[in-house]
Structures are given as structure tokens and as C-alpha cells.
Protein chains: 2
Amino acid sequence: MPKPALLLPVPASPPGRVQRVTKESTRDKVYSSLRNAILSGRLHCGERVKEIPLAEELGVSRAILREAMQQLVHEGLLESNSYRGARVIELRPEQIDEIVEARILLEGRAVRLAAERIHNAQREELNAFEKQLQREKDPLRVGQFDFRLHQRIWQISGHATIEKLLIQLTSPLFAMSLLMRSKENRDHHASSPLPRGTHKRLIEAICQGTPNDATRELEAHLTENWTAIRRRVAEFIAREEAEKL
Amino acid sequence: MPKPALLLPVPASPPGRVQRVTKESTRDKVYSSLRNAILSGRLHCGERVKEIPLAEELGVSRAILREAMQQLVHEGLLESNSYRGARVIELRPEQIDEIVEARILLEGRAVRLAAERIHNAQREELNAFEKQLQREKDPLRVGQFDFRLHQRIWQISGHATIEKLLIQLTSPLFAMSLLMRSKENRDHHASSPLPRGTHKRLIEAICQGTPNDATRELEAHLTENWTAIRRRVAEFIAREEAEKL
DNA sequence: GATTGTCGTATTGTCGACAATACGACGAAC
DNA sequence: GTTCGTCGTATTGTCGACAATACGACAATC
């Protein structure tokens with residue numbers, strides 16, 4: 001039985017209508033493909049990533065794949081030891097604490113700026129996004145919506161440096177929470193839904209242009225959300241350790 | 001006339017006394033070498049970085065060099081456009097503002113933690129460092145000492161995530177301030193020394209274990225320091241623009 | 001004289017092959 | 001039975017060569 005493809009092969013560059021100005025290099029396509037694979041759970045946390053099979057699956061040379069992987073290592077989604085290969089990262093609870101702490105600092109400023117600078121069109125967009133998020137039932141898609149919603153807020157803040165740092169900081173977090181959900185589904189553990197009330201209040205604060213409220217709501221939102229995830233990660237790791245012995 | 005070597009060729013792996021456990025790969029050596037070259041001003045901001053000559057100078061293949069450069073691009077020290085090569089970054093004043101703002105957020109927390117967690121041995125180390133910094137006359141070396149001192153503080157904070165972000169964030173800043181100094185020396189502009197009073201008070205606050213003072217002193221230190229640099233960058237860019245026309 | 005088309009070259013993007021290393025299996029010594 | 005040495009294989013690290021692209025120079029056209 002042919003195993004299901006984990007990754008989509010890199011598509012030949014689509015013939016843009018007017019010869020696209022910014023040609024995307026193969027490396028960038030491989031990078032995006034790999035990143036998506038991790039951030040959508042097709043490559044799950046802790047999984048070994050071998051170069052030759054992956055290069056074949058993607059239809060590119062190992063050199064290119066290595067450059068893309070290099071980038072993901074630097075971004076914190078992969079970790080590699082020399083001659084011992086690369087794996088998708090697996091965060092320890094203490095690391096999650098650190099990341100969330102840094103995230104609160106940076107995103108606190110981002111939502112403050114967003115509340116100060118938001119336009120009417122963006123207000124509508126955020127509200128629409130939030131309604132969509134409320135309607136969504138599938139927990140996996142809820143997580144992805146959540147991620148994209150936050151990213152949009154960072155964009156609205158207009159602070160490119162903080163935006164970049166936040167993307168880098170939260171990607172491993174997102175991958176890990178994804179792993180939690182899929183493992184919990186597989187093992188038939190209760191998969192409690194994300195708390196969404198704080199989410200709504202955060203959006204409202206940003207749209208109403210009240211920076212202090214926005215920052216406060218963000219802190220509440222993140223701590224509430226991630227103490228739960230953190231506990232689950234700890235339990236998950238404990239279970240894994242137990243299985244090993 | 002043979003031009004002076006910008007980079008030291010990558011040395012063959014020195015035969016460690018007991019066969020070092022962590023073998024440094026060629027890529028890592030190339031990465032460090034290149035990074036040092038930028039952060040010590042041997043490769044100056046805005047300079048084009050060509051792969052073939054550089055690979056020959058370093059005595060490695062282009063593939064390896066590309067992987068190392070890739071990493072520096074992600075770190076923000078190089079910027080590259082497809083088929084148009086890579087250059088050392090050149091920050092615009094607005095970017096400096098953004099970086100310093102993010103830095104204050106993160107380093108504010110770092111010095112707070114450092115003040116809470118510092119040990120006696122580390123207190124002495126910081127004080128010694130600070131005295132050394134006071135004695136130093138060469139402005140270039142002052143900058144390097146300053147950078148290392150801050151890095152040591154981040155380490156003492158024990159927050160690995162914030163430390164990593166800060167290194168990434170400040171490297172381009174440091175490279176740019178270096179460029180300023182060397183250009184100013186060359187063009188015989190006045191090169192005003194860094195203000196050091198705030199520096200001393202910051203160290204004292206950390207050593208005395210007063211987190212609030214430490215955070216406040218840090219903010220003073222950074223804003224004082226970087227508004228100066230920012231102004232100089234703006235003037236420098238203005239001069240360059242004028243030369244072009 | 002300015003604009004546009006063509007081409008050559010310098011440089012980067014991509015690839016396949018070879019060298020070096022880690023890790024597990026297997027067998028020998030105690 | 002356990003420990004240690006040896007070796008084979010799977011996998012990564014490194015390299016040199018070929019293909020694709022950008023950019024400037026030069027010629028042709030209006």
C-alpha cells in the first residue's frame with residue numbers, strides 16, 4: 001500500500017499572467033512546503049526528517065532541501081545534530097513558559113499599536129475573522145484560524161520587527177499545540193476546546209481603540225490558553241517517558 | 001598589490017586533545033567567520049558579498065558558504081535578492097527605532113531577571129567587565145566590550161529564549177553602529193564617545209538586586225545611546241543620497 | 001538623440017556524486 | 001551472561017560542474 005504523501009511535491013512555477021516580477025526560488029517553495037507540513041501537523045513533533053527520501057518526495061536536490069531545512073532550524077521548527085539528522089522540535093514545558101513570557105511582552109506592544117492604528121476596513125475584517133472562528137467546530141481548524149487571526153493583528157500593528165519576532169516565536173508553539181490535539185484525538189483523550197471569550201474581548205478592545213484594555217485582554221487570553229497547553233504537554237511527556245520504561 | 005584579507009581562511013579542524021565531543025562543522029566555522037567579519041567591521045554595511053571569491057578566500061565550497069550565508073540572512077545581517085546577490089544589511093532610521101523598541105521590551109525583562117538571579121561570582125565578573133570598559137579608549141573596542149557586556153547580562157538572566165531573540169535583534173544594530181564609527185573616523189567627523197554613566201548605574205542596579213531600578217536604568221541607557229546613533233545614521237544616509245545626485 | 005532590441009558575461013541557482021560519520025549488529029574474550 | 005571490539009550500512013557533510021538569470025554594453029530603429 002502506497003503510504004499517503006506527507007508533502008505535496010513542489011509545483012512547477014505557475015505561468016503568471018504577466019511574468020511575475022518576484023520569482024519564487026525553489027528553495028523558498030521547499031521552505032514553505034516544509035513549514036506548512038509542520039504547521040499543519042503532517043510532519044509531527046519529534047519526527048525524524050531524513051534528507052534523501054524527503055528530497056525525492058519533493059522532487060528537488062538535497063542541497064536545496066538542506067538550505068530550506070537550515071532556515072527552519074534557525075526558525076526553531078527543526079533541530080539538527082551533526083551527522084545525526086534533523087527532527088521536528090519537541091518543546092519542554094519550561095520552554096513553553098519562556099516563549100509565552102516573551103510573547104506577552106512583544107504581543108502586548110503589538111496589540112497596543114494595533115488598537116492605536118487600526119482602520120475601519122481592518123475593523124470589519126477582524127470582526128468577520130472572529131465570527132468565522134466562533135462558528136468553526138473542528139479543533140484543528142480553530143487552531144489555524146487563531147494563528148492567522150493573531151498574525152493579522154501583528155500586521156495591523158505596523159511594527160515589522162515585532163511581527164517578525166512573533167512569527168518566529170509562536171511557530172514552534174503552534175506546532176506543539178497541534179501535536180497535542182492530534183495525539184489527544186488519537187488516544188481518545190478529552191480535547192477541551194480553546195477558551196474563546198477572551199478572544200472576543202481582545203478583538204473588541206482593539207477595534208474600539210482602547211490600547212490598555214487590549215494589552216490586558218491579550219495577557220489574559222495568552223495565559224489562560226497556554227497554561228492549559230502547558231499542562232497537557234507535561235502530561236504528554238510524562239506518558240511518553242512512562243512508555244519508554 | 002594583494003588586497004588585505006577580509007576574512008581569515010577557515011582553519012582545518014584543530015586536533016583537540018581528547019577528540020572533542022561536539023565537532024564543529026565546516027558550515028558553523030564559516031558562519032562564525034562571516035559573522036565576525038561583519039561584527040568587527042571587516043565586511044562593512046552595504047557591501048556586496050559575492051559567493052565565488054568568498055568561497056575561495058575561505059577555502060570551502062560554495063554550497064557550504066551558501067548555507068552559512070542563508071543563516072545570516074535569516075539572522076538579519078545579510079539581505080539577498082534572487083540572482084542579484086547578497087549584501088551586508090544597511091538599516092534605515094525607522095528600522096533602528098523598531099529594533100530598539102523591541103529590544104527595550106525584551107532586555108527590560110532580561111535585566112529584571114538578572115537582578116533577581118545574579119550570583120556573587122557573577123557580580124564580580126560584571127564589575128570587572130565594567131571597569132575594563134571604562135578604561136578602554138579605542139571607540140571600536142568600546143563598542144565590542146559593550147556588546148559582550150550586554151550579552152553576559154542576558155546570559156545571567158537565565159532566560160534562553162529572550163537571550164536568543166536579543167542576540168538576533170541587536171546584531172544588525174551593532175554592525176550598523178560599527179559602520180557609523182568607522183565612516184566617521186574616515187571622514188574626520190567628530191566621533192562622540194558613548195555615554196557611560198547610565199552603563200555604570202545599570203550594572204550597579206543589577207548587582208544590588210533591585211529589578212525595578214535595573215529596568216529603568218536600561219531604558220535610560222538604551223534610549224540615550226541609540227537616539228545618538230539614530231541621528232548619525234540619518235545624517236549618514238542623507239550624505240550618501242547627496243553624493244549619488 | 002532617445003528608445004528599444006539583442007547579446008555577452010558575470011553571478012547565482014540547482015544538481016548529482018563522493019567522503020566522512022554515527023549507529024546498530026554481530027562475534028570474540030572474559 | 002556480559003562486555004568490548006569490529007565492521008557494515010544508512011545517513012549526513014562536502015564538493016565541483018552545469019543551468020538559469022540579471023545586468024550592462026552595443027547596435028538598430030524611429
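A note on names: the letters A, B, ... follow the listed sequences, proteins ahead of strands, and every chain is numbered from 1.
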Quick one: is [N] close enough that its OP1 or OP2 comes under 4.0 Å of any side-chain N or O from [X]?
X	N	answer
A/Arg66	D/dG13	yes
A/Thr26	C/dT14	yes
A/Ser25	C/dG13	no
B/Arg48	C/dT12	yes
B/Arg84	D/dC23	yes

Whole Å only: how far is the [atom1] atom of [X] from the [atom2] atom of [N]?
X	N	atom1	atom2	result
A/Leu58	C/dG16	CG	P	14 Å
B/Asp28	D/dG13	CG	C1'	11 Å
A/Tyr83	C/dA22	OH	C1'	10 Å
B/Leu65	D/dG13	CG	P	17 Å
A/Arg87	C/dC23	CZ	P	10 Å
A/Glu67	C/dT14	CD	C1'	9 Å
A/Ile52	D/dT11	CD1	C1'	6 Å
A/Met69	D/dT12	CE	P	7 Å

Contact check, side chains of B/Ile52 and B/Glu56, non-hydrogen atoms, under 4.5 Å: yes
Min side-chain heavy-atom separation B/Val49-B/Leu34 under 4.5 Å: no
Results of ring-ring contact (aromatic ring centres under 6.0 Å, His included) for A/His150 - residues two or more places apart only: A/His199, A/His221
Pairing residues for B/Phe174 by the ring-ring contact (aromatic ring centres under 6.0 Å, His included) criterion, not counting sequence neighbours: B/Phe147
Taking atom types as modelled, is there a side-chain donor on [X] or [Y] under 3.5 Å from an acceptor on the other?
X	Y	answer
B/Tyr31	B/Glu75	yes
A/Arg27	A/Ser25	no
B/Glu163	B/Gln155	no

For DNA chain D, the residues among residues 70-79 of chain A that have a non-hydrogen atom under 4.0 Å from it: none
Closest to side chain of B/Arg62, choosing from C/dC15, D/dC18, D/dG13: D/dC18
Residue whose nearest DNA chain D nucleotide is more 5′ - A/Lys50 or B/Ile64: A/Lys50
